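One structure below.
Both backbone and side-chain heavy atoms feed into the values below; hydrogens, waters and symmetry mates do not. Throughout, protein chains are lettered first and strands after them, A, B, ... in sequence-line order, and every chain is numbered starting at 1. Predicted model only: the values in this text are computed from it and were never measured.
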There are 2 protein chains.
Amino acid sequence: MPKAKYEKIYQIIKERIEANEYEYQQLLPSENTFVTEFNSSRNTIRRALVSLANEGYVQSLQGKGVRVIYQPHRTSQYSLSGIESLYESTQRNQTIYSTKVILFVKLIVDEKIHKRTSFPVGEEIYYMQRVRFLENVPLIIDHNYFLTKVVSHLTAEIAEESIYNYLENTLDIHITTAKRIVTVEPITQIDEEYLQLDGLNCVAVVSNYTYNDDGVMFEFTQSRHSPKHFEFHQFAQRTRPYLV
Amino acid sequence: MPKAKYEKIYQIIKERIEANEYEYQQLLPSENTFVTEFNSSRNTIRRALVSLANEGYVQSLQGKGVRVIYQPHRTSQYSLSGIESLYESTQRNQTIYSTKVILFVKLIVDEKIHKRTSFPVGEEIYYMQRVRFLENVPLIIDHNYFLTKVVSHLTAEIAEESIYNYLENTLDIHITTAKRIVTVEPITQIDEEYLQLDGLNCVAVVSNYTYNDDGVMFEFTQSRHSPKHFEFHQFAQRTRPYLV
DNA sequence: TGGTATTTGTCCGTATGTATC
DNA sequence: GGATACATACGGACAAATACC
């Protein structure tokens, strides 16, 4: 539940767009109209609108108005990131989701792990491998690394459920920023063993660097995706061209 | 050249971070310090800082300060998107960049093209295929679709050079927003013919939907990347966990 | 063609809240 | 408790682009 006023307004307008109350390509009510509706300053309205623009819901056109450019996903139900997370997707589609832990160890960062994760050498970490299923289809193999000094008392049982539940609710750790890098890599033996690749010899790899609100990078996760179901979304505003 | 004050301030602070004037994990000068340095309001400073945070340069910590979390790329020189564009990368590394047009036609959108591009059926478009080289290595095959009613008088010669130069400078079209979707797909005959895949049977595909500042989607581009050199960056703030 | 109203973009100043030190 | 630093919110002013008459 958001506390800030601009977040509430953002949420309300977003829901109206998703409910098609404001239609694709239509102009929203003017900022001043929202000012009277929500009884706020124009600045607060603008903050909400800027957030919506940043997430690809609307586009502001000076002198004209604010146009809706959101379109519901017509693509894969496994769509990831950007506007909608896998979690939201599972909720919306009422799909069955499960996780199987195939490795769970505690170890010390050496030079090799440092190169992969950029955790400092000598730090103690949890390392686990997990297979993630949607509708009983193995979609993703996760390699998770957590700093033990931030994430304490992790167990395989917790990893089988939701780690982020544990972080948020039990340890009261809040993630605020994350870097993600998508690459495509040749398959490993583990990939081949657990994922249904149908002859494809690559996987989509999302490397995820997660920071808590102290600015400490406490998690590195490499998610190796079955190519067939992989989809990664990005929205950019006032962007440079993608390729020269 | 940015006109707005907050953009200039954003640019200056960004350059200081990239020049390591403000170091990784160090706190920036406080907002009020910047207020006096740039002789502006705190609002304007905050706008610059929020932009930097959105692009992964800094992280704001209430009560503490604003921490630098930017690290220069230690990875591939072909790194794409997010913080640094391929163009900036080529500039920085002084690499040689070239394009070869292998197909250039004008055609009408039918049902099949509509499904791929989401251009309306019946619209006239330019369709071209281009191979893109870095240091004489074929990295990417582009399939570009442009609405002729927005992008007029395109030629193969222009496509061989920089289309965006033509758009920006000759046609005065400004792109403001873009959606990108990354997927991994089996290779086609064209991929195999032009890219050096070394036995890999997948390519990384970036689908790019580009809007001009009238809110018209005038370009759809599918860029098919050689997996070895592909890297796609994203930065997210106050994000949900990547996977449940 | 021109003038006026509308709408978004930028910028400023101020006040108050909240977290940290 | 007090000082510092970021977060939120309000209100006002003017600029720039557009729409309308």
A:N39 atom CG: more than 12 heavy-atom contacts under 6.0 Å: no

Counting only heavy atoms not in A:E161, do more than 12 sit closer than 6.0 Å to its CD atom? no

Only one of A:Y22, A:Y57, A:F235, A:Y24 forms a ring-ring contact (aromatic ring centres under 6.0 Å, His included) with A:Y70, so which one is it? A:Y57

Going by the ring-ring contact (aromatic ring centres under 6.0 Å, His included) test, name the single residue among A:F220, A:F146, A:F104, A:Y145 that passes it with A:Y127. A:Y145

Counting just side-chain N and O atoms, does [X] come under 4.0 Å of either OP1 or OP2 of [N]?
X     : N      : value
B:K3  : D:dA15 : no
B:K5  : C:dC12 : yes
B:Y6  : C:dC11 : no
B:T44 : C:dT10 : no

Rounded to the nearest angstrom, tell me the gap between atom [atom1] in [X] and atom [atom2] in [N].
X     : N      : atom1 : atom2 : answer
A:R67 : D:dA19 : CZ    : C1'   : 14 Å
B:N43 : D:dA7  : CG    : P     : 12 Å
B:R46 : D:dA9  : CZ    : P     : 11 Å
A:Q59 : C:dT7  : CD    : P     : 18 Å
B:R47 : C:dC11 : CZ    : P     : 7 Å
B:L27 : C:dT20 : CG    : P     : 13 Å

Tell me which nucleotide among C:dC11, C:dT8, D:dG11 gets nearest to the side chain of B:A4. C:dC11

Check: B:R130 side chain, B:E160 main-chain N or O, donor-acceptor pair, under 3.5 Å: no

Donor-acceptor contact present, side-chain A:Q234 to main-chain B:F232, <3.5 Å: no

When A:E124 is tested against each of A:L147, A:T148, A:V109 for side-chain contact (heavy atoms from CB on, under 4.5 Å), which residue passes? A:T148

Polar pairs (N or O, both sides) under 3.5 Å between protein and nucleotides 2-5 of chain D?
none

Check: A:R42 side chain, C:dG9 base, donor-acceptor under 3.5 Å: yes

